[in-house]
Amino acid sequence: MDYKQIIAEAIHAELHESLELNEIKLLLEKPKHSDHGDVAFPTFQLAKLLRKNPAQIAQEVGDKLSSPLIERMQIVGPYINFFLKKETVSSAVLQEVIAEKNNFGNLKIGNGTNVPIDMSSPNIAKPMSMGHLRSTVIGNALANIFEKVDFTPVRINHLGDWGTQFGKLITAYKKWGSKEKVKENPIEELLRLYVKFHELAEDDPSLDDEARLWFKKLEEGNEEATELWTWFREESLNVFNKVYDRLNIHFDSTKGEAFYNDKMEEVVKLLDGKHLLSANQGAHIVDLEKYGLNPALIMKSDGATLYITRDLAAAFYRKKTYDFSQALYVVGQEQANHFNQLKAVLTEAGIEWANDIHHIPFGLITKDGEKLSTRKGKVVLLEEVLNEASAQALRQIEDKNPDLPNKEIVAEQVGVGAVVFHDLRNDRLNSFDFTIEEVVQFEGETGPYVQYTRARAMSILKKAEASDFDASNAFELSDEYSWEIIKLLQEYPNTVKRAYENYEPSIIAKHAVSLAQAFNKFYANVRVLDDHEEKEARLALVFAITEVLKEDLRILGVQSPDKM
RNA sequence: GUUCCGGUAGCUCAGUUGGAUAGAGCAUUCGCCUUCUAAGCGAACGGUCAGGGGUUCGAAUCCCUUCCGGAACGCCA
């Protein structure tokens, strides 16, 4: 139920000569303080229009208004404050949630069109760090949000399985590596080799030459190089998949950078055909000065292609394969320049879908104030963070709820939930300095707090043996505590819409926290299971809470244990 | 140097399109488990919204400017 709409209609009935219906709706606001009512109409704009004192207008208009939804009105200076009939609104909102269940909040925006989402994209032979977590969980949450508003998301893991680093890796492996050690501990060993390479290459430039040579061989299909590359890739993927399983995130495509090796020549031809390429110090560039950007380097002086060439090839491939309405790239904000270039090159080439490409940037994670860098060995390993979180959750369960069945499973859901939720609860673009204490928290505005809240609600439903409700019943609630919940439930579709429009999962996370806070206040002050004339309506409210919290968490990629 | 992000309570952050008295969580102190899970609830403490100008009936929010922090800026991805 959209009560703002109904209030707007009531006002419009009196003011149709001065303002359009949606103008009125835009003016309506949600007061910050509950003693200012549920909806407020400020009359400043109207005062300007009618050249009258705003307080006077409020008085005159307010006197004439009426609607079955309005319990009472209060005119405070230039504001008309509306207090809604809690019973009527509660019933309508709960009927809606009960009828729609987890589909509550679904919107018809995308017409089912495809939206490829470039996300996660770890580099082969390197460990997954907290930085990859961000791309992975933000991408997954956006995929869920897009699905909820009727798009068809395509989760693409654009693996970093190509590039000059493989030349370095092969060089390092041949010099200092062993098959046994890699088999034993693939990522750790490959990382050790990679770090060692960089350390020694600082004093010995011949190593870089050798690495370049090996990469060249790899590009030319040299057997030994290809064999090593394939092996590194396989071992790495096995390790990654374990983490993805724990996060419960899966991909529709794992076509990585290597997949586009044979598709870049076409890009170069296309750009050349449009006379966009110019030679510069032996390299081929697209000049982007008119976009205020530095030139895009399409081909190096040695003939090798670059990152942007590959991403252009990928963009064309995705358009051809998915005919997308939008294409998202969930990649750190430090690559904003790259995506600006990508769009600018496509625009220069006259590609009409260039503006459907959206870079979804996110903030940097640092450790002790320093940027994480695999090369320097400065990493926060994702797997270790998840392990620690899960272990702490298990300790918490042993302490607070030792009789809980399936402790390990719940501990994993709670621990991983804490980490994922932490990454999604704030604005994507915020940077943060990593500390395990902050990430693995179970109290306050955290994932486990939301999970716990829902588990308490589930427990009430179980005791009442209430699992389903008839949406045609009336569910009239009158107390202040349920009213706060009702208002938050009512906002849900708009919350989903805002999350979609802003590509911002944190809007969902904030809604989950607000809802959980409102429910915990209700829980502390209102008895549900006691005999009371509103008991059935209260149970329905509890049911609605469990549904919407679960849906919020599902969108974020967090599990909802029924007990914890 | 240029461009882009950011600066709100001790710490981490909210603050739809500009609206009434700037809000949470953590931390600290103090209350609440014979009643639906205390991973909870309540209370106290805590602020020149970085500084200065401007636009407006009204600015944390928009514009200009200064300061501070971070990032990016052709042969890595």
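Throughout, a chain's letter reflects where its sequence line sits, starting with A, and its residues are numbered from 1.
- Every salt bridge (charged side-chain N to carboxylate O under 4.0 Å, His left out) that A:Asp368 has, sequence neighbours left out, goes to A:Lys378.
- Both the sub-6.0 Å distance and the 45° axial angle are satisfied by A:Arg72 relative to the ring of A:Phe83.
- Below 30°, between 30° and 60°, or above 60°: for A:Tyr317 and A:Tyr260 the angle between ring planes is above 60°, a perpendicular geometry.
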Please tabulate, one pair per line, all N/O donor-acceptor pairs under 3.5 Å involving side-chain atoms of residues 454-461 of chain A, not counting sequence neighbours.
| unit_1 | atom_1 | unit_2 | atom_2 | d |
| --- | --- | --- | --- | --- |
| A:Arg454 | NE | A:Thr546 | O | 3.2 |
| A:Arg454 | NH1 | A:Ser560 | O | 3.4 |
| A:Arg454 | NH1 | A:Asp562 | OD1 | 3.2 |
| A:Arg454 | NH2 | A:Asp562 | OD1 | 3.3 |
| A:Arg456 | NH1 | A:Asn520 | OD1 | 2.9 |

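- The nearest whole Å value for the distance from the CZ atom in A:Phe166 to the C1' atom in B:rC76 is 13 Å.
- A distance of about 44 Å separates the P atoms of B:rU28 and B:rC64, rounded to the whole Å.
- The partner of B:rU37 is absent, by the rule that a Watson-Crick or G-U pair needs both atom distances under 3.5 Å.
- We find that CD of A:Glu501 is positioned 11 Å from C1' of B:rU17, with the value rounded to whole Å.
- Taking 4.0 angstrom as the limit, A:Lys168 places none of its side-chain polar atoms (N or O) nearer than this to OP1 or OP2 of B:rC76.
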Under 3.5 Å between N/O atoms: give me all the protein pairs with nucleotides 67-73 of chain B, atom names plus distance.
| unit_1 | atom_1 | unit_2 | atom_2 | d |
| --- | --- | --- | --- | --- |
| B:rA72 | OP1 | A:Lys371 | NZ | 3.0 |

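- With sequence neighbours excluded, the residues that form a side chain to side chain donor-acceptor pair (under 3.5 Å) with A:Asp38 are A:Trp483, A:Lys487.
- Under the Watson-Crick or G-U wobble criterion, with both distances below 3.5 Å, B:rG69 is paired with B:rC5.
- Ring geometry for A:Tyr503 against A:His358 counts as tilted: the plane angle lies between 30° and 60°, on a 0 to 90° scale.
- In this structure A:Glu348 satisfies the side chain to side chain donor-acceptor pair (under 3.5 Å) test together with A:Lys290, A:Tyr291, sequence neighbours excluded.
- Considering only side-chain atoms of A:Lys521, the nucleotide from B:rC41, B:rC75, B:rG74 that sits closest is B:rC41.
- As rounded to whole Å, 20 Å separates atom P of B:rG40 from atom CE of A:Met458.
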List the atom pairs, donor and acceptor, that lie under 3.5 Å between side-chain atoms in residues 397-406 of chain A and the rest of the protein, sequence neighbours left out.
| unit_1 | atom_1 | unit_2 | atom_2 | d |
| --- | --- | --- | --- | --- |
| A:Glu398 | OE1 | A:Lys407 | NZ | 3.2 |
| A:Asn401 | ND2 | A:Met564 | O | 2.8 |

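- Nearer to the 5' terminus of RNA chain B, by closest-nucleotide assignment, is the contact made by A:Asp427 (compared with the other of A:Asp427 and A:Lys4).
- Per the geometry, CD1 belonging to A:Ile507 stands 12 Å off C1' belonging to B:rG15, to the nearest Å.
- Of the listed nucleotides (B:rG74, B:rA14, B:rU16), B:rU16 has the atom at the smallest distance from the side chain of A:Arg498.
- Looking at the side chain of A:Met564, the nearest of the listed nucleotides B:rA39, B:rA14, B:rU16 is B:rA39.
- Rounded to whole angstrom, the span from the CD atom of A:Glu438 across to the P atom of B:rG10 amounts to 17 Å.
- Contacts of A:Leu26 with the nucleic acid, taken as non-hydrogen atoms under 4.0 Å apart, include base atoms.
- OP1 and OP2 of B:rA38 both lie 4.0 Å or more from every side-chain N or O belonging to A:Asn520.
- Here A:Ala283 lies in heavy-atom contact (under 4.0 Å) with a base.
- For B:rC45, there is no paired base (Watson-Crick or G-U wobble, both distances below 3.5 Å).
- Comparing atom distances between the A:Tyr449 side chain and each of B:rC75, B:rC41, B:rA14 picks out B:rC41 as nearest.
- Heavy atoms from other residues, nucleotides or ligands lying under 6.0 Å from NZ of A:Lys510 number more than 12.
- The residue A:Gln281 sits close to a base: some heavy atom pair falls under 4.0 Å.
- To the nearest whole angstrom, the two C1' atoms, one in B:rC26 and one in B:rC45, are 14 Å apart.
- Counting any heavy atom pair closer than 4.0 Å across all strands shown, A:Ile397 reaches a base atom.
- Taking the P atom of each, B:rG40 and B:rU3 are spaced 47 Å apart, rounded to whole Å.
- Side-chain contact between A:Met128 and A:Leu133: absent, with no pair of heavy atoms (C-beta onward) separated by less than 4.5 Å.
- Residue A:Asp302 is out of contact with every strand shown, counting any heavy-atom pair closer than 4.0 Å.
- Partners of A:Asn294 by side chain to side chain donor-acceptor pair (under 3.5 Å), not counting sequence neighbours, listed by chain and number: A:Asn337, A:Gln341.
- The pairing partner recorded for B:rG58 is none, the criterion being a Watson-Crick or G-U wobble arrangement whose two distances lie under 3.5 angstrom.
- Per the geometry, CG belonging to A:Asn426 stands 19 Å off P belonging to B:rC5, to the nearest Å.
- Side-chain N/O atoms of A:Tyr307 include none lying less than 4.0 angstrom from OP1 or OP2 on B:rA77.
- What separates CG of A:Leu429 from P of B:rC5 is a distance of 9 Å, to the nearest Å.
- With sequence neighbours left out, A:Glu547 forms a salt bridge (charged side-chain N to carboxylate O under 4.0 Å, His left out) with no residue at all.
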Check your understanding: Reading nucleotides 18-25 of chain B from the 5' end, what letters show protein touch, with B for base, S for backbone sugar-phosphate only, - for no heavy atom under 4.0 Å?
Key -> -BBB-SBS

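- In this structure A:Arg395 satisfies the side chain to side chain donor-acceptor pair (under 3.5 Å) test with no other residue, sequence neighbours excluded.
- Nucleotides B:rG46 and B:rC11 place their P atoms 16 Å apart, quoted to the nearest Å.
- A:Val542 comes within contact range of no nucleotide atom at all, as no heavy-atom separation falls under 4.0 Å.
- Atom name P, nucleotides B:rG18 and B:rA44: the rounded distance is 33 Å, in whole Å.
- For A:Ile285, the listed nucleotide lying nearest its side chain is B:rG74; candidates were B:rA14, B:rA39, B:rG74.
- Listed by chain and residue number, A:His338 satisfy the ring pair (Phe, Tyr, Trp, His ring centres under 6.0 Å) test with A:Tyr307 (two or more places apart in sequence, or in another chain).
- Rounded to whole Å, atom P of B:rC75 lies 16 Å from atom CZ of A:Phe215.
- Contact of the A:Arg538 side chain with the A:Ser482 side chain is not registered, since no non-hydrogen atoms from C-beta on lie closer than 4.5 Å.
- When heavy atoms are screened at a 4.0 angstrom cut-off, A:Met299 is found touching no nucleic acid atom at all.
- Shown here, B:rA27 forms no base pair; nothing in the strands shown gives a Watson-Crick or G-U wobble contact with both key distances under 3.5 Å.
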Scan nucleotides 31-36 of chain B against the protein and return all N/O pairs shorter than 3.5 Å with their distances rounded to 0.1 Å.
| unit_1 | atom_1 | unit_2 | atom_2 | d |
| --- | --- | --- | --- | --- |
| B:rU35 | O2' | A:Arg527 | NH1 | 3.1 |
| B:rU35 | O2' | A:Arg527 | NH2 | 2.8 |
| B:rC36 | O3' | A:Lys463 | NZ | 3.0 |
| B:rC36 | O2 | A:Leu529 | N | 3.2 |
| B:rC36 | N3 | A:Val528 | N | 3.1 |
| B:rC36 | N4 | A:Tyr523 | O | 2.7 |
| B:rC36 | N4 | A:Val526 | O | 2.4 |

